Amino acid sequence: MTTPSRYANGHARRKVRAWLKAQGRPCWLCGGPIDYSLPAGHPMSFEVDEIVPASRGGSVTDPSNVAPAHRICNERRGNKSVADMRAAAGPRPRDVGCRTSRRW
């Protein structure tokens, strides 16, 4: 049996989205707060992220497989696992003691 595509069952998908939005939880990828009032398309707006991506067999309508995320965090993750996403990013300059600004 194949999993339904993200758009195959719009009603069930909208229902899961509304349920997740009503919880008002922070982004599960970065831990930052989500402004649920931002319009779709804004980098910090709310998106439904599948923990196991649909492209890897995850369900898009199962409440145990979805979590809230910022649009930008969701885009950066793509269909990678969270561990792969964080490993690919590498350490930030400020985490290894580099100066990231200077006085002019």
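All values derive from a computational prediction rather than experimental measurement.
Taking every heavy atom of both residues into account, Leu20 and Ala67 meet most closely at CD2-C, 3.5 Å. Scanning both residues, Val16 and Thr61, for their nearest heavy atoms gives CG2-O, 3.2 Å. Contact between Pro26 and Gly31 at its shortest, heavy atoms only, is CB-O, 3.7 Å.
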>> Before you tell me yes or no, could you show the steps for His70 and Ser45 under side-chain contact (heavy atoms from CB on, under 4.5 Å), namely the whole-Å CA-CA distance, both residues' side-chain angles and the distance that decides it to 0.1 Å?
In response: CA-CA 5 Å; His70 293 116; Ser45 66; over 6 Å; no
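Atom CZ of Arg17 has more than 12 heavy atoms from other residues, nucleotides or ligands within 6.0 Å.
From Cys27, atom SG reaches atom CD1 of Ile34 across 5.0 Å, with rounding to the nearest 0.5 Å.
Applying the side-chain contact (heavy atoms from CB on, under 4.5 Å) rule to Asp49 yields the partners Trp28, Leu29, Ala69, Asn74, Arg77; only residues at least two apart in sequence or on another chain are considered. Partners of Lys21 according to the side-chain contact (heavy atoms from CB on, under 4.5 Å) rule, which considers only residues two or more places apart in sequence or in another chain, are Tyr36, Phe46. Here Arg25 pairs with Gln23 under the side-chain hydrogen bond (donor to acceptor under 3.5 Å, both in side chains) rule; sequence neighbours left out.
At distances below 3.5 Å, at least one donor-acceptor pair connects side-chain atoms of Arg56 with backbone N or O atoms of Asn79.
Apart from Met44 itself, the hydrophobic cluster it occupies contains Leu38, Ile72, where clustering links Ile, Leu, Val, Met, Phe, Trp and Tyr at side-chain heavy-atom distances under 4.5 Å. Taking a 4.5 Å side-chain heavy-atom cut-off between Ile, Leu, Val, Met, Phe, Trp and Tyr, the cluster of Val52 contains only that residue.
The closest side-chain donor-acceptor pair between Asn65 and Ser59, if any, does not fall under 3.5 angstrom.
The salt bridge (charged side-chain N to carboxylate O under 4.0 Å, His left out) pairs that include a residue from residues 29-47 are Glu47-Arg71, where partners are two or more places apart or lie in different chains.
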